[in-house]
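In what follows, a single structure is set out as C-alpha cells and then discussed.
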Amino acid sequence: MKENREKLELIRRYTTVVERYIVLAYLICMSGIFPLYYKEKYYKIGDAKFEFFWNVSLGFIGISIIFIIINFIVHRIFYKLDSSISYKKNVSVKRIEADGKYTSNFLWEILDNLSALDYAVFIYAICVLLSYALSDFKDYALKGAEGWEMGLCSQMIFVAIYFILSRQKIFGNLFVSDKAIHTKSKISEQKKSLLSQRRMMVSIIAIHLISSVVTFILGILHRFDVDPLGMYAGLNIYQKIEFLSTIGQATWFSSYVCTAFAVGVIVFYLSNTKWIRTTMGVYTVVSFGILVTQNSDSAFMAIAGCMLLLGYFSVSDMKRWYRFLQIFCLMWGTFGGIGILQKIFAGRAIPLDTLSVFFSQSIVTWAMFLVSLSALLFYRNYEKNVFGRKSAFYTKPEVKCNDSMQGQMSNAETMKKTRGIYKSFLAILMIGIVTVIVFIYLNTKGYLLTWFGYQNTHPYLFFDYHWGSNRGSTWIICWKTFLGLPLYQKLFGVGPDSLGAYLYNTPEISELLYQLGGNLKLTNAHNEYLNSLLCYGIVGVISWLAVLIGGIGYFYRKAKENPFMIAFALCIMGYACHNIFCYQQVCCTPFLFLALGIGESLTKSENFNTIK
C-alpha cells in the first residue's frame, strides 16, 4: 500500500508540474503571440487570428480535460488507500487540502466554493445554450457570422477557459517579494509553492506587457506612416486609416487596447520599486499614446470609464490618490505630446477623426494637463508638510512630524474633503449624462422645436439614421426588429451571433438594409448589449450584464484586500464601455475571459491579501 501511495504521489506531482507548464504555454500563445500573429498582412487577418485562437484554445481545453480525468482517478485511488478518509463525492475541498492529498484541477473543485462570478458565467452559458436550442438558424448559430465567428462554439470555449483558469492554483500575488517567502530555516513545501506561484504570475504579466507594448508602438508608428513590418504596402490613405499594427481593423485594435492596457498601468500604480515604476511609466505613456491615435471614438468611452473607476478606488487613500493623479497627469500630457508630434510631422501623420484630433490638439487637453499637474503638486506639497520631507509615495507613508496624531488627523481630513469633491463631481457628471440623453430624445422627437422653436441638428445631438458614424440606422433597425420578435425570441433571442441570419431571412428588413447599405452586410448591432438582446434575448442580456457589471463589482471589492485586483476590474470596465459602440470579436473577448479566469483564480490563492 505504501509503495502504491508513493507511485500515486509521484504521478500527482508530475501531472501538477506538467499542467502548470501547459497553462503557461497557453497564456504565452494568447497573451504573447496572438497580438503579434498575422498572415498575409491585413488580408483576412481576422480569419487568421480566429484560426490561431480556435486551434490553441481547443488544444488547451482538450489537454486540460485529460488532466482533470487523471487527477480525478488519482484522487479516487488515494481516498480508497487512505483508511483515515472515506471517499465521498461531497468531501470538503478544504478538508482534503488540509490533509495534503489535494492538488489543483480536481473535478470537485469546479463545483466547490462557487463565487458570485462563477454563478454569473455559468448562467450566461446556460442562456447561450437555450438561445441555440430555440434558434431557427442552428447551422449558422453554431459558429456564427462569417468574419466574427462568435457563435455557440466560441461562447462555450470562453466559458471553458474561464472555469479552467479560475480553478488553477498556480497564480500568485504579484507584490509578494521573494524575501517575504524565504526564511532562514529550510524553505517549506508551502513556501516553495507560493514562490512558484508568484514567479508564474510575474512571467505571465511580463509576457503580456512585452507583447502589448510592441503592438501599441507599432500602432503609433503606423499613425505617422512609419511601417517597419511592411504592413501598409499597397494600401491607400483610406485603408491606412482603417488598419493599424498587427491587430488589423481600427475598432478591433481599439477594443484590444482597452481590454489590455490596464494591467501595465496598475503595476505602475502599485509598485514600490523604482525601475519597475520607470518601466511601467513608459508603458503607461505608450498606452495613452495609442489610445489617442487609434481613431475609434469608443476608446474614449473606455478611458473615461477606467479613469473614473480608478479615481473612485483611489480617493479613499492618500498614497493611491497621489498615484492616480500621476496617471491622470501622464494621460493628458501624452495626449498633448502626440498632438505636438502630429503638427511637427504633419506631412506623415495619418488624418484622424474629429474626436481623436480634439483630444490631441485642442486647448482643452493642455488646460486639463495643467489642472491635473496643479493637483499633483498640491498633494505632493501637502504630503511633505504633513509627513516630512523624507516621506515619499514610493514606499508606505510614515508620519514624520513631531505630532504624529495631528499629522494623521490632517491627512484624514484632507482625504475626506477630497472624497466629497470627487463624489460631487461624479454626481454632476451623472446628472450631465442624463441631461444630454434627455436633450437628445427631446431634440430628436421635435419637442424642443414645438415648445421653444429650437432644434439642434448636430450629428451627436440629433439621433437619426446618420447618428454616430451611421450607428443610428443600425440601432434603430435592430430595436424595431426586437420589438417585432415573438415572445419566446424576445426572452431567449434568435441564436448566438445569428442576428445577420435573422435580418436577411426577413424580407421587409433585408429590403430596407439593401436600400440603406447596398451590398454591405449587417451582421451585428455595433452595440454589444443591443446585439446580445437580439441574439440571447432579455434573459441572455441580463446574464451577460451580470458577468460584466458583477465582475467589476466583484474585483473592486476584492481590491480592498489586494489592490492589484483593481486591474481586472479595469479590464472589464474598458471592455464594457468600449463595446457600447462595438461588439464581441476574437481580438478582445478572449482577453476578457482570460482576465476573469485569472482574477478569480487569484482570489483563491493562499497569499491573496498579503502585500509586502
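What you see is a predicted model; the values in this text were computed from it and never measured.
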[X] vs [Y] side-chain heavy atoms within contact, under 4.5 Å:
| X | Y | answer |
| --- | --- | --- |
| Thr284 | Tyr269 | no |
| Lys41 | Tyr232 | no |
| Val547 | Ile572 | no |
| Val357 | Thr354 | no |
| Val292 | Thr334 | no |
| Leu24 | Ile204 | yes |
| Phe564 | Ile205 | yes |
| Met573 | Phe555 | no |

Q.
Is the terminal nitrogen or CZ of Lys49 (NZ for Lys, CZ for Arg) located under 6.0 angstrom from the six-membered ring centre of Phe34 and within 45° of that ring's axis?
A.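 Here Lys49 passes the 6.0 Å and 45° test against Phe34.
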
Near [X] [atom1], under 6.0 Å, is it more than 12 heavy atoms from other residues, nucleotides or ligands?
| X | atom1 | result |
| --- | --- | --- |
| Gln239 | CD | yes |
| Lys44 | NZ | no |
| Asp139 | CG | no |

Practice prompt. May I have the step-by-step check of side chain to side chain contact (heavy atoms under 4.5 Å, CB included) for Ile327 and Met307, ending in yes or no?
Written response: CA-CA 9 Å; Ile327 294 170; Met307 295 306 289; 4.0 Å; yes

Looking at every heavy atom in both [X] and [Y], which two are closest together, and how far apart are they?
| X | Y | value |
| --- | --- | --- |
| Trp252 | Gly147 | CH2-O, 3.4 Å |
| Ala525 | Leu499 | N-CD2, 3.6 Å |
| Val539 | Cys127 | CG1-SG, 3.5 Å |
| Gly46 | Val586 | O-CG1, 4.3 Å |
| Ala567 | Val263 | CB-CA, 4.4 Å |
| Asp497 | Thr523 | OD1-O, 4.4 Å |

Short side-chain to backbone donor-acceptor contact, [X] and [Y], under 3.5 Å:
| X | Y | result |
| --- | --- | --- |
| Arg223 | Thr293 | yes |
| Arg20 | Gln168 | no |
| Ser298 | Ile580 | no |
| Thr259 | Ser255 | yes |
| Ser211 | Ser31 | yes |
| Ser203 | Met201 | no |
| His208 | Ala260 | yes |
| Gln294 | Leu291 | yes |
| Tyr529 | Ala576 | yes |
| Lys143 | Met150 | no |

Under the side-chain hydrogen bond (donor to acceptor under 3.5 Å, both in side chains) test, which residues partner [X], sequence neighbours left out?
| X | answer |
| --- | --- |
| Ser532 | none |
| Thr251 | Gln249 |
| Asp297 | Tyr460 |

Tyr38/Tyr42 under ring pair (Phe, Tyr, Trp, His ring centres under 6.0 Å): CA gap, chis, key distance, verdict:
CA-CA 8 Å; Tyr38 63 92; Tyr42 292 131; 7.8 Å; no

Separation between [atom1] of [X] and [atom2] of [Y], rounded to the nearest 0.5 Å:
| X | Y | atom1 | atom2 | result |
| --- | --- | --- | --- | --- |
| His222 | Leu218 | NE2 | CG | 6.0 Å |
| Leu129 | Tyr536 | CG | OH | 10.5 Å |
| Ile161 | Met30 | CD1 | CE | 6.5 Å |
| Asp353 | Ile241 | CG | CD1 | 7.5 Å |
| Ser601 | Leu596 | OG | CG | 12.5 Å |
| Asn527 | Thr474 | CG | OG1 | 10.0 Å |

The criterion is salt bridge (charged side-chain N to carboxylate O under 4.0 Å, His left out); which residues satisfy it with Glu528, sequence neighbours excluded?
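If we apply the salt bridge (charged side-chain N to carboxylate O under 4.0 Å, His left out) test to Glu528, skipping adjacent residues, there are no hits.
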
Problem set entry | All salt bridge (charged side-chain N to carboxylate O under 4.0 Å, His left out) counterparts of Asp225, not counting sequence neighbours |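 Asp225: salt bridge (charged side-chain N to carboxylate O under 4.0 Å, His left out) contacts with Lys240.
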
Note to self: Taking ring pair (Phe, Tyr, Trp, His ring centres under 6.0 Å) as the criterion, tell me which of Phe60, Phe591, Phe593, Phe158 meets it with Phe53.
What the structure shows: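 Going through Phe60, Phe591, Phe593, Phe158 one by one, the ring pair (Phe, Tyr, Trp, His ring centres under 6.0 Å) with Phe53 is satisfied by Phe158 alone.
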
Hey, what's the ring geometry for [X] with [Y], parallel, tilted or perpendicular (30° and 60° as the breaks)?
| X | Y | result |
| --- | --- | --- |
| His526 | Tyr583 | perpendicular |
| Phe253 | Tyr256 | tilted |
| Phe163 | Phe122 | perpendicular |

Just checking, is any N or O donor in the side chain of [X] or [Y] under 3.5 Å from an acceptor N or O on the other one?
| X | Y | answer |
| --- | --- | --- |
| Ser57 | Tyr26 | yes |
| Ser115 | Asp118 | yes |
| Ser254 | His578 | yes |
| Tyr575 | Thr589 | yes |
| Asp136 | Tyr502 | no |

Full working for side chain to side chain contact (heavy atoms under 4.5 Å, CB included) between Tyr504 and Leu513: CA-CA 9 Å; Tyr504 290 99; Leu513 290 173; 3.7 Å; yes

(request) Measure from the ring center of Tyr283 to the ring center of Phe268 and say whether it is less than 6.0 Å. (result)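 Not under 6.0 Å, so no.
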
Run the side chain to side chain contact (heavy atoms under 4.5 Å, CB included) test on Leu548 and Leu592 for me, step by step, so that the C-alpha distance in whole Å, both residues' side-chain angles and the decisive distance to 0.1 Å come before the verdict. CA-CA 9 Å; Leu548 297 177; Leu592 171 70; 3.8 Å; yes

Check: What residue pairs, at least two apart or across chains, pass ring-ring contact (aromatic ring centres under 6.0 Å, His included) with a residue in residues 470-501?
Finding: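 Only Trp467-Trp475, Trp475-Phe581, Trp479-Phe482 qualify under ring-ring contact (aromatic ring centres under 6.0 Å, His included).
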
